[in-house]
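Okay, so here's the structure we're looking at.
Chain naming here is simple, since letters A, B, ... match the order of the sequence lines and numbering starts at 1 in each. Excluded from the calculations below are hydrogen atoms, water molecules and symmetry mates; all remaining heavy atoms, backbone and side chain alike, are included.
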Number of protein chains: 2
Amino acid sequence: MKPFHSYQNPSLAVDLVVFGYSKQQLAVLLLNRKEEPFKDRWVLPGAFLQMEERFRDTCSRVLKTKLGMDDVYMEQLYSFDEPERDPRGRAIAVAYYALVNPARVAISAGNMANDVAWFNIRELPKLGFDHHAIFEIALQRLRSKITYFPVGFELLDELFTMPELHELYECILDTTIDRRNFRRKIMDSEYIINTGNKREGAQNRHPDLYKFNKKLKKNSFQINV
Amino acid sequence: MKPFHSYQNPSLAVDLVVFGYSKQQLAVLLLNRKEEPFKDRWVLPGAFLQMEERFRDTCSRVLKTKLGMDDVYMEQLYSFDEPERDPRGRAIAVAYYALVNPARVAISAGNMANDVAWFNIRELPKLGFDHHAIFEIALQRLRSKITYFPVGFELLDELFTMPELHELYECILDTTIDRRNFRRKIMDSEYIINTGNKREGAQNRHPDLYKFNKKLKKNSFQINV
DNA sequence: TTACCTTTGCGTCAGAATAACACAAAGTTT
DNA sequence: AAACTTTGTGTTATTCTGACGCAAAGGTAA
């Protein structure tokens, strides 16, 4: 099916802000560009829409082919339209953000290894295009979202401990949260369930393992910053 | 500047959900289409992006030329990409919503009069394209936004009474809110100021006139539903 | 083994925020 | 003028929240 509008339309791309959490650090996945423009600069992964392709499919394609990721949580963020955002010409970007558990994906393998890397969000390099602005909006959205909806679980293992969840929140929100009040709010929301089990073979202490309550859709909580 | 991507790009349009409030009713502005597809069907106002034009400028152009409106509050909503959303071919729509005071704009004048009309949000006709879905998301966003940020004032006169603001909230949120608790929350936020004046020449009672405190940017409030 | 430290789960309590509601002053209607 | 409606301003009981105590259990070091 061909576009019907009279003039030449702008290029249309998706850009992805992929968040990962490990070792108590929030990180973003960046690609090192091998071509102009912005050669050798780090940028957000992205791709142009292919004919008939939907945004979400383009995102999945990027995550799959470039990064080897499947079944990733993602959400549309915002659409960017600055005329000068791409020096090659007019290009619209529809930005999505994604949450992945780095332990479950194998970025380090493959011939892309040198081109792809996780960066701690506090130590980002200078990014190409308008990707820094996109990243900032994504971070803002993530911070806002986890205070009232349990998206944070997407960044952890299926089973996780309360201290792990607590540290995740403190890390993303960049603040300290009282451990006991945090537990109460999360548990009151009924979004997570105590399995009663403990992690085995752990060198450390053995706190309870919790899991996300997928059946629940409407409850709410509010973590104040 | 020409698009640089290799294949023919989808058409790119903006669609506008224009909310207006008058006579204690929340309304949306619709256009009656005079051409196929969806001839004689009501649709959201919108337009294709012109070269180098930004989303926001396209929105302003639509509001100005089709509806005679200036200086309208608007915010990007979401981007829609269903391949079948436009029967003419692939078209991406970036949706914005706008808040206007119908009393300040003159839709009824002009040769467009028969093509443009306000519809109470509870009595919408069947809409063309995927515009019903767009409208629903806009309504959801508006409802959510007014509970924590003072966008509602955009729908009223510059000076308004507390009962007017209260009714606006009850109407948009489709619920009842205790008059006295509502006042306290709004006033505590310091987003609005009591001018001390009264409306003159009113046949009805004479409650105080309030105005929006434009200087304030960071306070917050929370109207619970 | 024992003494000591750290972490986790659960609980308490005072102060803040909220929902429900009372009341008087002033305008409107009959 | 009497009755009613509306508005501005409280008050109060309850809930929610933040700050923090404590005991049980795991880990560490002598």
Side-chain angles (χ1 to χ4, degrees), chain A residues 23-24 146-150 156-157 159-171 173-211 213 218-225, chain B residues 23-24 146-150 156-157 159-171 173-211 213 218-225:
Chain A
K23 300 191 193 108
Q24 300 175 34
I146 62 163
T147 63
Y148 65 89
F149 197 79
L156 298 172
D157 292 336
L159 296 177
F160 50 88
T161 68
M162 189 57 76
E164 283 167 0
L165 187 63
H166 179 236
E167 275 167 1
L168 171 70
Y169 270 75
E170 288 198 329
C171 174
L173 296 175
D174 194 23
T175 183
T176 58
I177 305 172
D178 184 276
R179 178 176 62 85
R180 294 148 292 188
N181 294 336
F182 174 79
R183 168 194 295 275
R184 186 184 43 194
K185 282 189 178 181
I186 293 289
M187 293 307 288
D188 283 357
S189 80
E190 297 179 16
Y191 269 122
I192 78 168
I193 304 168
N194 188 336
T195 65
N197 301 324
K198 310 259 181 188
R199 185 121 57 198
E200 291 183 25
Q203 184 64 12
N204 316 6
R205 288 152 196 80
H206 303 162
D208 293 349
L209 285 172
Y210 296 79
K211 66 175 181 182
N213 181 1
K218 49 186 179 297
N219 273 18
S220 73
F221 59 91
Q222 181 59 47
I223 307 291
N224 298 318
V225 287
Chain B
K23 300 190 193 113
Q24 300 175 35
I146 62 163
T147 63
Y148 64 88
F149 198 79
L156 297 174
D157 291 336
L159 296 177
F160 51 88
T161 67
M162 189 58 74
E164 283 167 2
L165 187 63
H166 179 237
E167 274 166 2
L168 171 70
Y169 269 75
E170 289 198 329
C171 174
L173 296 174
D174 193 22
T175 183
T176 58
I177 305 172
D178 184 276
R179 177 177 62 88
R180 294 146 293 187
N181 294 335
F182 174 79
R183 167 194 294 274
R184 178 164 42 87
K185 282 189 178 181
I186 292 288
M187 294 306 289
D188 284 356
S189 80
E190 297 180 16
Y191 269 121
I192 78 167
I193 305 169
N194 188 336
T195 65
N197 300 323
K198 310 258 181 190
R199 185 123 57 197
E200 292 182 25
Q203 183 65 11
N204 316 9
R205 289 149 196 83
H206 303 162
D208 293 350
L209 285 172
Y210 297 80
K211 66 175 181 183
N213 180 2
K218 50 186 177 295
N219 273 19
S220 72
F221 60 91
Q222 181 60 47
I223 307 292
N224 298 318
V225 288

Can you build the contact string for nucleotides 13-24 of chain D? Use B for base contact, S for sugar-phosphate-only contact, and - for no protein heavy atom under 4.0 Å. ----BBBBB---
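The distance from atom CG of A:L165 to atom C1' of C:dG9 is 15 Å, rounded to the nearest whole Å. One can place CZ of B:F221 at 16 Å from C1' of C:dA17, the figure rounded to the nearest angstrom. Here C:dG27 presents its P atom at 12 Å from CG of B:D208, a figure rounded to the nearest Å. Rounding to whole angstrom units, CZ of residue A:R199 and C1' of C:dT8 are separated by 14 Å. Rounded to whole Å, atom P of C:dT8 lies 10 Å from atom OH of A:Y210. Rounded to an integer number of Å, the gap from A:K198 NZ to C:dT7 P is 15 Å. In this entry the distance linking CG of B:L209 with C1' of D:dG8 reads 14 Å, nearest Å. Nucleotide C:dA19 holds its P atom 10 Å from the CD1 atom of B:I177, rounded to whole Å.
Looking at residues two or more places apart in sequence or on another chain, you find a salt bridge (charged side-chain N to carboxylate O under 4.0 Å, His left out) between A:D208 and A:K198. Not a single side-chain hydrogen bond (donor to acceptor under 3.5 Å, both in side chains) links B:R179 to another residue, sequence neighbours left out. Residues passing the side-chain hydrogen bond (donor to acceptor under 3.5 Å, both in side chains) test with B:E170 are B:H166, sequence neighbours excluded. For B:R180, the salt bridge (charged side-chain N to carboxylate O under 4.0 Å, His left out) partners are B:D178, not counting sequence neighbours. With sequence neighbours excluded, the residues satisfying ring pair (Phe, Tyr, Trp, His ring centres under 6.0 Å) with A:Y169 are A:F182.
For NZ of A:K185, the number of neighbouring non-hydrogen atoms (other residues, nucleotides, ligands) closer than 6.0 Å is greater than 12.
Between A:R183 and C:dG9, a side-chain N or O to OP1/OP2 separation shorter than 4.0 Å is present. The side chain of A:H206 places an N or O atom within less than 4.0 Å of a non-bridging phosphate oxygen (OP1 or OP2) of D:dG27.
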